[in-house]
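Working notes, beginning with the structure itself.
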Amino acid sequence: MLAQGRSPFVGRSLACATWPALGRWRPPSTPPRPLDLPLVGSDHEPRALDAAREQARAAGVTIDWKLKDVADIHPPAQSGLLVANPPYGHRLGQDVRGVYDAFGFSLRERFVGWRALFLAPAEDLARRVHRDAHCLTIFSNGGLRVGLFAVEG
Ligand SMILES: C[S@@+](CC[C@H](N)C(=O)[O-])C[C@H]1O[C@@H](n2cnc3c(N)ncnc32)[C@H](O)[C@@H]1O
C-alpha cells in the first residue's frame, strides 16, 4: 500500500481510532507519496498463482505475477525485500527440505543485497535457507505453529 501511495485507512476502520486516549485524532486524509517500487510475485502452481492474483486484485494492489519454481526466481532490482511463505509440509506430510534448499540457493546466489522475510515451521528449515536467518516471532498460522524469520541483506 505504501509502495502504491494508498492510505492504509481507506476502506476500513481501525479499532484504535475509537480509543479515548487518541481523543480527536483522525486518519490523515492525504495518501502517502507512491514509492514507485516494482512488486513481483511467483508460485509454481497455476492455481495458487490464480488465487494470489485474485487476492491482489481484491486488495487493489498491482503485482507482476510469474509462474516460476523458487529455484528460478530472479530479482527485479538491485535491492529490495523478498517475502516468502514456503510450504510447511504438515498438511500433506511432505518432505519440504528441498524447497527450502532451493529457496536458500536462489536467495544467496541471486538476491545479494536484499533483505528476506519468510515463514518456516521449524528453525532447522529456516537455517537451510540461510545460516544467519533469525526468528522475529512465532505465531499460529491457520492452527500451525510457524516462525517469521529474517535475513538481513
Ligand atoms: C504455505 S503455501 C503459501 C501460499 C501463498 N503464497 C500464501 O502465502 O498464502 C506454499 C506455496 O508454495 C508453493 N510452492 C511449493 N513448492 C514450490 C516451489 N518449488 N517453487 C515455487 N512455489 C512452490 C505452493 O504451490 C504453495 O502455493
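Please read all numbers here as calculations on a predicted model, not as lab measurements.
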How many angstroms lie between atom CG of Asp124 and atom OH of Tyr100, to the nearest 0.5 angstrom? 10.0 Å
For Ala71, which residues count as a side-chain contact (heavy atoms from CB on, under 4.5 Å) partner, sequence neighbours excluded? Asp69, Ala102
According to a 4.5 Å side-chain heavy-atom criterion applied to Ile, Leu, Val, Met, Phe, Trp and Tyr, with indirect links allowed, do Leu49 and Val83 form part of one hydrophobic cluster? no
Which heavy atom of Ile63 sits nearest a heavy atom of Ala56, and at what distance? CD1-CB, 4.1 Å
Do Phe111 and Leu81 share a hydrophobic cluster, counting only Ile, Leu, Val, Met, Phe, Trp and Tyr and linking them when any side-chain heavy atoms are less than 4.5 Å apart? yes
Which residue pairs pass the salt bridge (charged side-chain N to carboxylate O under 4.0 Å, His left out) test when at least one of the two sits in residues 54-66, sequence neighbours left out? Glu54-Arg57, Asp64-Lys66
Not counting sequence neighbours, list each pair that qualifies as a ring pair (Phe, Tyr, Trp, His ring centres under 6.0 Å) and has a residue in residues 37-81. none
Suppose we screen for side-chain hydrogen bond (donor to acceptor under 3.5 Å, both in side chains). Which residues come up paired with Arg53, at least two apart in sequence or across chains? Asp50
Report the residues that fulfil salt bridge (charged side-chain N to carboxylate O under 4.0 Å, His left out) with Arg97, sequence neighbours left out, ordered by chain and then residue number. Asp95
Once side-chain hydrogen bond (donor to acceptor under 3.5 Å, both in side chains) is applied, do any residues pair with Glu109, and if so which ones, sequence neighbours excluded? none
ILVMFWY clustering at 4.5 Å (side-chain atoms), partners of Phe105: none
Enumerate donor-acceptor pairs with a distance under 3.5 Å from any side-chain N or O in residues 112-123 to protein atoms, sequence neighbours excluded.
residue, atom, partner, partner atom, Å
Trp114, NE1, Ala77, O, 3.1
Trp114, NE1, Gln78, O, 3.3
Arg115, NE, Glu152, OE1, 2.8
Glu123, OE2, Arg127, NH2, 2.7

Residues two or more places apart in sequence or in another chain: which of them pass side-chain hydrogen bond (donor to acceptor under 3.5 Å, both in side chains) with Ser42? none
Co-membership, hydrophobic cluster, residues Val40 and Val70, 4.5 Å side-chain: no
Following the transitive rule for hydrophobic clusters with a side-chain heavy-atom cut-off under 4.5 Å over Ile, Leu, Val, Met, Phe, Trp and Tyr, establish whether Leu144 and Val99 coincide in one cluster. yes
Name all pairs fulfilling the salt bridge (charged side-chain N to carboxylate O under 4.0 Å, His left out) condition that reach into residues 142-151, sequence neighbours left out, sorted by first residue then second. none
Please output the side-chain donor-acceptor pairs of residues 130-142 that fall under 3.5 Å, not counting sequence neighbours, one pair per line with the distance.
residue, atom, partner, partner atom, Å
His130, ND1, Asp132, N, 3.0
His134, ND1, Ala150, O, 3.4
Ser140, OG, Gly143, N, 3.3
Asn141, ND2, Tyr88, OH, 2.8

Less than 4.5 Å apart, any side-chain heavy atom of Val61 and any of Leu39? yes
Rounding to 0.5 Å, atoms OG (Ser106) and CG (Asp72) come to a distance of 7.5 Å
Residues in side-chain hydrogen bond (donor to acceptor under 3.5 Å, both in side chains) with Gln55, at least two apart? none
